[in-house]
Engineer: 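Please see the structure below; I have some questions.
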Amino acid sequence: MERNRFIKSVCLIIAVVLCSGLISAAENGCDYNDAWLQAKSDVMNRVIERDVCCNQKPMKGNQKEVALHIFYEDVKPHSGKLIDKIDGKEYKYPKFRIEDGSIGYKETENTVYVLRPLPKEGQGFAQVYGGISVTPYELPESTLDEEVAKINRKIAAFEATGLDKDAVKARLETFEKFSSEYSGKVLYVDERGNVYKCPRFYCAGVDILDAESYKFDYITTGLYVAGSFYVDWGDRYNSRNQPVTNNTRYKITVLNKGMLQEKDYIGLYAGIRITAYELDFYEDGYEASVGGLLETGFNGCFENWGLGGYEHHT
């Protein structure tokens, strides 16, 4: 019965594809043979996409076996066979193959499989998928947001303040192991087969560990006394180079936001960043920048006698 339904389905696809392809060719003035060749190729492509790969939707183990049965029974027999011969030139199907990543995989109750078409092969209008790939995934019981939160907690655990150079390097070694394990790792597979992978986690500001000085920016807000009036200068951005001293300490913070998929930002940390500061200034809220990017500056006031007013560093 399953076999009969499949044959009827293929026949329907053939009728629809051939009719639409030939009509389109006639309307656009395309070569009849090219349209015929493309239509016949599209029939096999649709069988692979829909009936074998189930439009790349996740499937359980028994569903995967049914899909593979269809592949071996209805696709594989055409491997390398003739699609058509036009003007003495033969156009053949690819030698269909399976890239099976499930071999040796230990299946669990949460295991799902996603079947995808391999890249198309062939010449001209005879472009047909080269076969299929089988990839096993563990479908999380939690939501995508919960999985993201788990990774964020692991990254946030690297945050620290008041570290000397050796302590920072020790944490950096641990972070590199974390990055190696989780960068590009599958984080989640939704019910439509969309696969979400972690980005490449990285550490910014590493160069600061071997530098003899580091750069920091701060905001200066000034008030000038003119008679009984105060004239607000507004905020000014200043930059200085601070030599590394015995008081230099390092701070690790997280980087926002990581890209989970291309053009898909959901709040996953991108990694960590190392900044430097002097212990003398840290109690006042001083923090250095990396690469000249503005962070925070001094909190508090000091007198500027030369201008007859004061500067407020925030």
Side-chain angles (χ1 to χ4, degrees), residues 2-3 5-59 61 63-105 112-137 184 186 189-190 192-197 261-263:
E2 289 288 339
R3 178 74 175 174
R5 278 204 298 266
F6 176 74
I7 292 175
K8 291 179 181 179
S9 174
V10 171
C11 290
L12 179 60
I13 292 175
I14 292 174
V16 172
V17 172
L18 291 181
C19 289
S20 61
L22 295 176
I23 292 173
S24 176
E27 291 177 347
N28 298 321
C30 296
D31 182 82
Y32 175 86
N33 290 331
D34 291 341
W36 175 258
L37 189 61
Q38 182 173 348
K40 293 184 71 173
S41 300
D42 286 345
V43 169
M44 183 61 74
N45 287 335
R46 293 198 183 192
V47 170
I48 293 174
E49 285 179 352
R50 195 191 74 173
D51 296 287
V52 177
C53 296
C54 298
N55 295 320
Q56 303 184 38
K57 291 182 179 179
M59 57 185 75
Q63 296 172 316
K64 180 197 71 169
E65 294 304 320
V66 172
L68 291 178
H69 176 76
I70 294 174
F71 180 82
Y72 280 110
E73 290 292 319
D74 298 289
V75 176
K76 202 73 164 63
H78 296 278
S79 182
K81 297 292 181 65
L82 187 69
I83 301 177
D84 209 337
K85 185 175 182 180
I86 300 175
D87 296 331
K89 184 175 181 178
E90 294 184 343
Y91 296 88
K92 296 182 179 181
Y93 292 107
K95 293 184 178 180
F96 295 117
R97 64 192 186 278
I98 296 180
E99 295 181 359
D100 196 346
S102 65
I103 297 176
Y105 188 85
V112 293
Y113 301 89
V114 177
L115 275 60
R116 295 184 177 86
L118 295 178
K120 292 180 179 179
E121 302 175 9
Q123 297 178 335
F125 291 87
Q127 297 287 325
V128 180
Y129 293 121
I132 61 172
S133 66
V134 181
T135 307
Y137 297 105
V186 174
V189 182
D190 64 21
R192 295 187 177 182
N194 296 315
V195 180
Y196 298 86
K197 295 182 179 181
Q261 281 189 322
E262 189 177 357
K263 299 180 181 179

Engineer: Measure across S41 and A126 and return the closest heavy-atom pair with its distance rounded to 0.1 Å.
Structural biologist: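 Between these two residues, the closest heavy atoms are OG-CA, 3.3 Å.
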
Engineer: I need the minimum non-hydrogen distance between P77 and F71, along with the two atoms involved.
Structural biologist: CD-O, 4.4 Å

Engineer: Check step by step if salt bridge (charged side-chain N to carboxylate O under 4.0 Å, His left out) holds for E90 and K81.
Structural biologist: CA-CA 10 Å; E90 294 184 343; K81 297 292 181 65; over 6 Å; no

Engineer: Answer yes or no: is there a side-chain heavy-atom contact under 4.5 Å between K40 and D42?
Structural biologist: no

Engineer: Determine the minimum heavy-atom distance between P58 and V189, stating which atoms define it.
Structural biologist: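 Minimum heavy-atom contact is CG-CG1, 4.1 Å.
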
Engineer: In Å, rounded to the nearest 0.5 Å, how long is the span from CG of L37 to OH of Y91?
Structural biologist: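 L37 atom CG to Y91 atom OH measures 6.0 Å (nearest 0.5 Å).
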
Engineer: For the atom pair CG (L118) and CD (E99), what is the distance rounded to the nearest 0.5 Å?
Structural biologist: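 Reported to 0.5 Å precision, the distance equals 4.5 Å.
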
Engineer: Considering non-hydrogen atoms only, spot the tightest contact between M44 and Y93 and give its length.
Structural biologist: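 In terms of heavy atoms, the two residues are closest at CB-CE2, 3.9 Å.
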
Engineer: Roughly how far, to the nearest 0.5 Å, is the CZ atom of F125 from the CD1 atom of I86?
Structural biologist: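 Result: 10.0 Å between the selected atoms.
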
Engineer: Run the side-chain hydrogen bond (donor to acceptor under 3.5 Å, both in side chains) test against Y72 and tell me which residues pass, sequence neighbours left out.
Structural biologist: none

Engineer: With rounding to the nearest 0.5 angstrom, report the CD1 to CD distance, I83 to Q123.
Structural biologist: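 Output value for this atom pair is 10.0 Å.
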
Engineer: State which residues pass side-chain contact (heavy atoms from CB on, under 4.5 Å) with P117; sequence neighbours excluded, sorted by chain then number.
Structural biologist: I48, E49, C53, Q56, Y129

Engineer: Sequence neighbours left out, what passes side-chain hydrogen bond (donor to acceptor under 3.5 Å, both in side chains) with S102? Give chain and number order.
Structural biologist: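 If we apply the side-chain hydrogen bond (donor to acceptor under 3.5 Å, both in side chains) test to S102, skipping adjacent residues, the hits are D100.
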
Engineer: For T135 and R116, run side chain to side chain contact (heavy atoms under 4.5 Å, CB included): C-alpha distance rounded to whole Å, both residues' side-chain angles, the deciding distance at 0.1 Å, then the answer.
Structural biologist: CA-CA 8 Å; T135 307; R116 295 184 177 86; 4.1 Å; yes

Engineer: Shortest non-hydrogen contact from H78 to D74?
Structural biologist: CD2-O, 3.3 Å

Engineer: At what distance, to the nearest 0.5 angstrom, does CG of N55 lie from CG of L115?
Structural biologist: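 So the CG of N55 and the CG of L115 are separated by 11.5 Å.
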
Engineer: Just how far is it from atom CD1 of I70 to atom CG of D51, taken to the nearest 0.5 Å?
Structural biologist: 5.5 Å

Engineer: With K76 as the cation and F96 as the aromatic partner, state whether NZ or CZ is under 6.0 Å from the six-membered ring centre and within 45° of the axis.
Structural biologist: no

Engineer: Return the minimal non-hydrogen interatomic distance between M59 and V52, and the atom names on each side.
Structural biologist: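 Looking at all heavy atoms of both residues, the shortest contact is CE-O, 4.2 Å.
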
Engineer: Using atom types as modelled and distance alone, determine if a side-chain donor or acceptor of N45 lies under 3.5 Å from a backbone N or O of Q127.
Structural biologist: yes

Engineer: Please step through side chain to side chain contact (heavy atoms under 4.5 Å, CB included) for the pair W36 and D84, ending with a clear verdict.
Structural biologist: CA-CA 9 Å; W36 175 258; D84 209 337; 2.8 Å; yes

